[in-house]
Amino acid sequence: MPLKIASWNINSVRLRIDLVSRLLDEERPDVICLQETKCLEGQFPLSAFNARGYTNAAMTCQKGYHGVAILSRQPFAEIDRYRFGGKEDARHIAVVFGEGPAKGITLHNFYVPAGGDIPDPDLNPKFAHKLAYLDEMRSWTAAKPGAQTILVGDLNVAPLPDDVWSHKQMLGVVSHTPAETDRLLAIQERGGWVDAVRKNKPEPERVYTWWSYRSPNWELSDRGRRLDHVWVTGDLDATVGETSILKGARSWERPSDHVPLIANFDL
DNA sequence: ATGGTCGGCTCCCGA
């Protein structure tokens, strides 16, 4: 049975609901995971999702910042929220699917802290928070090894040398420092997670999901980073099909700085 | 540890 999941850091779901609708109409995923929704639950534009058959919603929200949501055409049997890193930030939501092809599968949607600009936990509390968050993710995945589990989201770390435009020049830049990449790879290893995107786009292919707003010539300079991820537990490895990164969405009107990821499964 | 541009709790802060 096919299952198609989309993940997108939308950077305000209210502002960009028409872009989300376009993605849903063009790609028709079964499930969409959003990060940085940036609104309270009562402000979430549910009607655009309901009109397209995404009548099941699980979200964790806070005013103005962060926020993650899972919208699905298939019902949920369970909804869970975890709070890592010693803050009450809205950065994680998980569901277990009830009926349908994904029945029994757990889906986690994460928005890992960006970490500020200075890659030193002693000088920058935001970077310390990010490292603490990643450390807690590792403890969490080691304590509770997943089965039949998919993890998606904006992990705000580009773990591999070919996940950035210049490994050498990025080693001191938050998102690609050894402190972060070591931690992300440790989470992967401890949890037995498989990087679904790299499974069919292996290194040394350069793969990016984010291009900064600060570069007016983002497409020409192509200084991207692979900050968004789809991971699966080892028992789902064989079910992973095509994954795609919809770079075209970065050129849509008033775009997010992240583009959607699509992952197909054959369950 | 350049500066650049976005979003929202908007003349600032987080990304």
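Numbers restart at 1 for each chain; the letters A, B, ... are given by sequence-line order, proteins then strands.
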Are OP1 or OP2 of dG8(B) and a side-chain N or O of S12(A) less than 4.0 angstrom apart? yes
Whole-Å gap separating C1' (dG7(B)) and CG (D257(A)): 10 Å
Whole-angstrom distance between dT2(B) and dG7(B), as gauged at atom P: 24 Å
Reading DNA chain B from 5' onward, which residue's closest nucleotide shows up sooner: H258(A) or V173(A)? V173(A)
Rounded to whole Å, how long is the line connecting atom CG of D228(A) with atom C1' of dA15(B)? 13 Å
Using the P atom as the reference point in each nucleotide, state the distance between dG8(B) and dG3(B) in Å, no decimals. 26 Å
For residues H108(A) and W140(A), establish whether the separation of their ring centroids is below 6.0 Å. yes
Can you tell me how far P of dA1(B) sits from CE of M170(A), to the nearest Å? 11 Å
Could you check whether G116(A) gets within reach of a base, just the sugar-phosphate, or nothing at all, counting any heavy atom under 4.0 Å? nothing
Mind checking what makes side-chain contact (heavy atoms from CB on, under 4.5 Å) contact with D117(A), not counting sequence neighbours? none
List the residues meeting side-chain hydrogen bond (donor to acceptor under 3.5 Å, both in side chains) with S215(A), not counting sequence neighbours, and say none if there are none. S221(A)
Under a 4.5 Å side-chain heavy-atom rule over Ile, Leu, Val, Met, Phe, Trp and Tyr, are I150(A) and V96(A) clustered together? no
What's the CD-P distance between Q169(A) and dT2(B), to the nearest Å? 13 Å
Counting heavy atoms from C-beta on, name the nucleotide in dA1(B), dT5(B), dG14(B) closest to the side chain of H66(A). dG14(B)
Using the side-chain hydrogen bond (donor to acceptor under 3.5 Å, both in side chains) criterion, which residues pair with Y111(A)? Sequence neighbours excluded. E36(A)
Rounded distance in Å - CD (E36(A)) to P (dG14(B)): 13 Å
For dG7(B), take OP1 and OP2 only and decide whether either is under 4.0 Å from a side-chain N or O of R254(A). yes
Just the rounded figure in Å: distance from C1' of dA15(B) to CD of E180(A). 14 Å
Under the side-chain hydrogen bond (donor to acceptor under 3.5 Å, both in side chains) rule, collect the residues that match up with D18(A), sequence neighbours excluded. none
Answer with yes or no whether the hydrophobic clustering places V20(A) together with V259(A); edges join I, L, V, M, F, W, Y residues whose side-chain heavy atoms lie under 4.5 Å apart. no
Near DNA chain B, counting only heavy atoms under 4.0 Å, which residues of residues 125-134 of chain A show up? K126(A)
Should R214(A) be listed as having a side-chain N or O under 4.0 Å from OP1 or OP2 of dG7(B)? no
I want to confirm an ordering. Mapping I118(A) and A114(A) to their closest nucleotides on DNA chain B, which one lands closer to the 5' end? I118(A)
Checking contacts here: which listed nucleotide (dA1(B), dG7(B), dA15(B)) is nearest the side-chain heavy atoms of Y111(A)? dA15(B)
Measure from CG on L19(A) to C1' on dG7(B) and round the result to the nearest Å. 14 Å
Can you name the residues that form a side-chain contact (heavy atoms from CB on, under 4.5 Å) with N56(A), not counting sequence neighbours? S72(A), P75(A), F76(A)
When all nucleic acid strands are considered with a 4.0 Å heavy-atom cut-off, which category describes R91(A): base, sugar-phosphate, or nothing? sugar-phosphate
Expressed as a whole number of Å, how far does the P atom of dC6(B) sit from that of dA1(B)? 25 Å
Calculate the interatomic distance between L171(A) atom CG and dA1(B) atom C1'; express it in whole Å. 15 Å
